[in-house]
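Note that this is a predicted model, so its numbers are computed, not measured. In the text below, chain A, chain B and the rest are named by the order of the sequence lines, each starting its count at 1.
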There are 2 protein chains.
Amino acid sequence: MDARAPYRPECGVMNDRPGLRERKKAKTRAAIRKEALRLFREQGYAATTVEQIAEAAEVAPSTVFRYFATKEDLVLVDQAPPFLEALRALPPGIGPVTAVRRALREAVDAQTPEERADSLERERLMATVPELWAASLKGVTREIAALQEILAAREGRSPDDPQIRNITGAIAGVLVALWFAWVRTPDMDVLAEADRALAHLESGLPLS
Amino acid sequence: MDARAPYRPECGVMNDRPGLRERKKAKTRAAIRKEALRLFREQGYAATTVEQIAEAAEVAPSTVFRYFATKEDLVLVDQAPPFLEALRALPPGIGPVTAVRRALREAVDAQTPEERADSLERERLMATVPELWAASLKGVTREIAALQEILAAREGRSPDDPQIRNITGAIAGVLVALWFAWVRTPDMDVLAEADRALAHLESGLPLS
DNA sequence: TTGCAAATGAGAGTCTACTCTCAAAATATG
DNA sequence: CATATTTTGAGAGTAGACTCTCATTTGCAA
């Protein structure tokens with residue numbers, strides 16, 4: 001409440017070392033989320049209380065809520081998936097489905113093996129527990145809306161164009177269906193299957 | 001707790017008139033659900049308490065829970081949509097997308113105008129309020145799974161067949177995308193649009 | 001070291017979905 | 001009307017997500 005601002009520890013310093021305080025915060029946040037996901041996987045989302053999460057992460061329950069506004073936020077991803085970025089960066093003149101295939105491959109290739117394993121496990125957890133599906137719904141719909149916008153822009157059309165809407169819906173539907181199948185068949189190579197499914201869609205979904 | 005069963009008012013009677021008691025129960029159930037949906041629409045799902053619903057329906061809160069095990073159940077549909085029945089009844093030898101188009105049309109034609117208006121409004125409510133989307137997720141996924149099984153059976157394949165999975169996913173995706181578009185454009189003739197979208201899918205989703 | 005600001009812990013408190021119990025009311029049968 | 005049975009209302013009780021407050025601790029700068 002004082003305009004003098006006499007004390008700004010990290011006022012736009014943008015140091016390479018973010019300072020102990022910031023690093024500790026990031027570590028705490030990561031620890032809370034990690035323990036939460038582990039407990040969700042082990043004993044279910046609804047059956048896990050915030051108190052248990054706090055205990056496992058060795059913080060106070062109130063601290064959990066300081067980092068994550070709601071229990072659902074513990075599982076929601078906060079950054080837009082790099083897939084959409086890759087798609088945005090792709091040159092025009094390629095069909096929507098082809099573009100999505102390429103962007104998907106690029107995004108996956110850009111991940112380190114650990115990142116890949118992490119995100120696969122997270123996705124898997126989300127798909128396994130229906131309660132988490134519901135929790136992640138807002139994020140998913142937002143991402144699909146973004147996909148629709150990008151595809152529309154690539155074709156120089158309105159996002160509300162029925163044809164764009166149909167293609168986006170079909171792409172999303174095919175991938176979601178694969179996602180659910182993956183839950184029941186964990187050994188599946190999801191990424192290869194995704195590429196194959198999109199290829200099938202691209203060729204008009206013939207029954208061979 | 002008595003094996004003599006000395007008193008069974010409606011022990012398999014299966015009368016045309018179900019008796020006052022049963023009729024009253026149905027009326028109460030309908031009233032509760034109607035008031036609940038109205039309140040959800042007017043002030044949101046989370047912001048509506050069961051107590052408010054009970055008051056609006058003029059019953060006790062405990063009565064609400066006697067009729068609906070959870071708050072979510074208030075919005076979930078209990079009978080399988082007649083659309084799936086129509087699809088099951090369709091003769092084989094027609095492509096999956098064509099079959100879905102026909103079944104959809106048949107199911108809609110079989111509805112009375114009031115039923116149609118009712119279900120449209122209910123669908124609309126579900127699509128408008130994200131919390132309801134989440135609540136209805138289990139039902140939706142179950143229906144899509146049923147769709148996948150029917151389509152697989154029609155083609156004499158396994159429901160796990162990737163091609164079947166892709167077609168089912170694409171159909172569902174296209175329809176869900178339409179559903180969301182409808183929310184933003186209430187005047188749209190959803191049924192005609194659905195038919196057009198499926199036709200577009202059937203022809204391989206060309207960008208014309 | 002000293003003092004400022006931010007992060008934390010502890011704990012009490014609210015709100016609401018959901019459960020349980022029991023007595024009263026309504027409905028069916030004879 | 002009398003009696004058996006079901007449904008309801010009233011209300012107390014539980015659990016867990018989320019909020020608020022305040023004293024304590026911890027990182028930071030001079």
Completion exercise
Between B:Ala60 and A:Glu51, whichever has its closest DNA chain D nucleotide further toward 5' is B:Ala60
Problem - Short side-chain donor-acceptor distance under 3.5 Å, B:Gln43 and B:Gln52 - result: yes
Exercise for the section: Measure from the side-chain heavy atoms of B:Thr49 and tell me the nearest of D:dA17, C:dA17, D:dT6. Expected result: C:dA17
Exercise for the section: Can you tell me the distance, in whole Å, between the CD atom of B:Glu22 and the P atom of D:dT8? Expected result: 10 Å
Completion exercise
Separation of D:dT5 atom P from B:Arg21 atom CZ, nearest Å, is 11 Å
Practice task
Please determine if a side-chain N or O atom of B:Tyr67 lies less than 4.0 Å away from the OP1 or OP2 oxygen of D:dT8.
Solution key: yes
Exercise for the section: Inspect the surroundings of CD in B:Glu55 and state if more than 12 heavy atoms from other residues, nucleotides or ligands are less than 6.0 Å away. Expected result: no
Residues 59-70 of chain A side chain polar contacts: donor-acceptor under 3.5 Å, at least two apart:
residue : atom : partner : partner atom : Å
A:Thr70 : OG1  : A:Glu72 : N            : 3.3
A:Thr70 : OG1  : A:Asp73 : N            : 3.2

Practice task
Tell me whether the OP1 or OP2 atom of D:dT7 has a side-chain N or O from B:Lys24 closer than 4.0 Å.
Solution key: no
Practice task
Rounded off to whole Å, could you give me the CZ-to-C1' distance for the A:Phe68 and D:dA17 pair?
Solution key: 16 Å
Problem - Results of side chain to side chain contact (heavy atoms under 4.5 Å, CB included) for B:Ala89 - residues two or more places apart only - result: none
Practice task
Mind calculating the distance between CD (A:Glu55) and C1' (D:dG16) to the nearest angstrom?
Solution key: 16 Å
Practice task
Summarise protein proximity over nucleotides 18-25 of chain C in one line of letters, 5' to 3': B for base, S for sugar-phosphate only, - for none, counting protein heavy atoms closer than 4.0 Å.
Solution key: BBB-----
Practice task
Nearest whole angstrom, please: distance from the P of C:dC15 to the CD of B:Gln52.
Solution key: 13 Å
Problem - Nearest-Å distance for atom pair CG/C1', residues A:Leu74 and D:dC18 - result: 13 Å
Fill in the blank from the handout: Checking D:dG9, C:dA7, C:dT8 against the side chain of B:Thr63 (C-beta onward), the nearest is D:dG9
Exercise for the section: Give a yes or no answer on whether the side chain of B:Arg101 reaches the backbone of B:Leu198 with a donor-acceptor pair at less than 3.5 Å. Expected result: no
Handout entry: Sidechain-backbone polar pair: A:Asn166 side chain, A:Pro162 backbone, donor-acceptor under 3.5 Å
Key = yes
Exercise for the section: Keeping to residues at least two apart or across chains, list the salt bridge (Lys or Arg N to Asp or Glu O under 4.0 Å) pairs with something in residues 162-189 of chain A. Expected result: A:Arg165-B:Glu193, A:Arg184-B:Asp160
Practice task
Provide, to the nearest angstrom, the distance between the CZ atom belonging to A:Arg23 and the C1' atom belonging to C:dA6.
Solution key: 17 Å
Exercise for the section: Using whole Å, report how far NZ of A:Lys27 lies from P of D:dT26. Expected result: 15 Å
Fill in the blank from the handout: Sorted by chain and residue number, the side chain to side chain contact (heavy atoms under 4.5 Å, CB included) partners of A:Arg38 (sequence neighbours excluded) come out as A:Glu35, A:Arg41, A:Glu42, A:Ala56
Handout entry: Whether A:Arg33 side chain and A:Leu74 backbone form a donor-acceptor pair below 3.5 Å
Key = yes
Problem - Residues in contact with DNA chain D, drawn from residues 37-48 of chain B - heavy-atom cutoff 4.0 Å - result: none
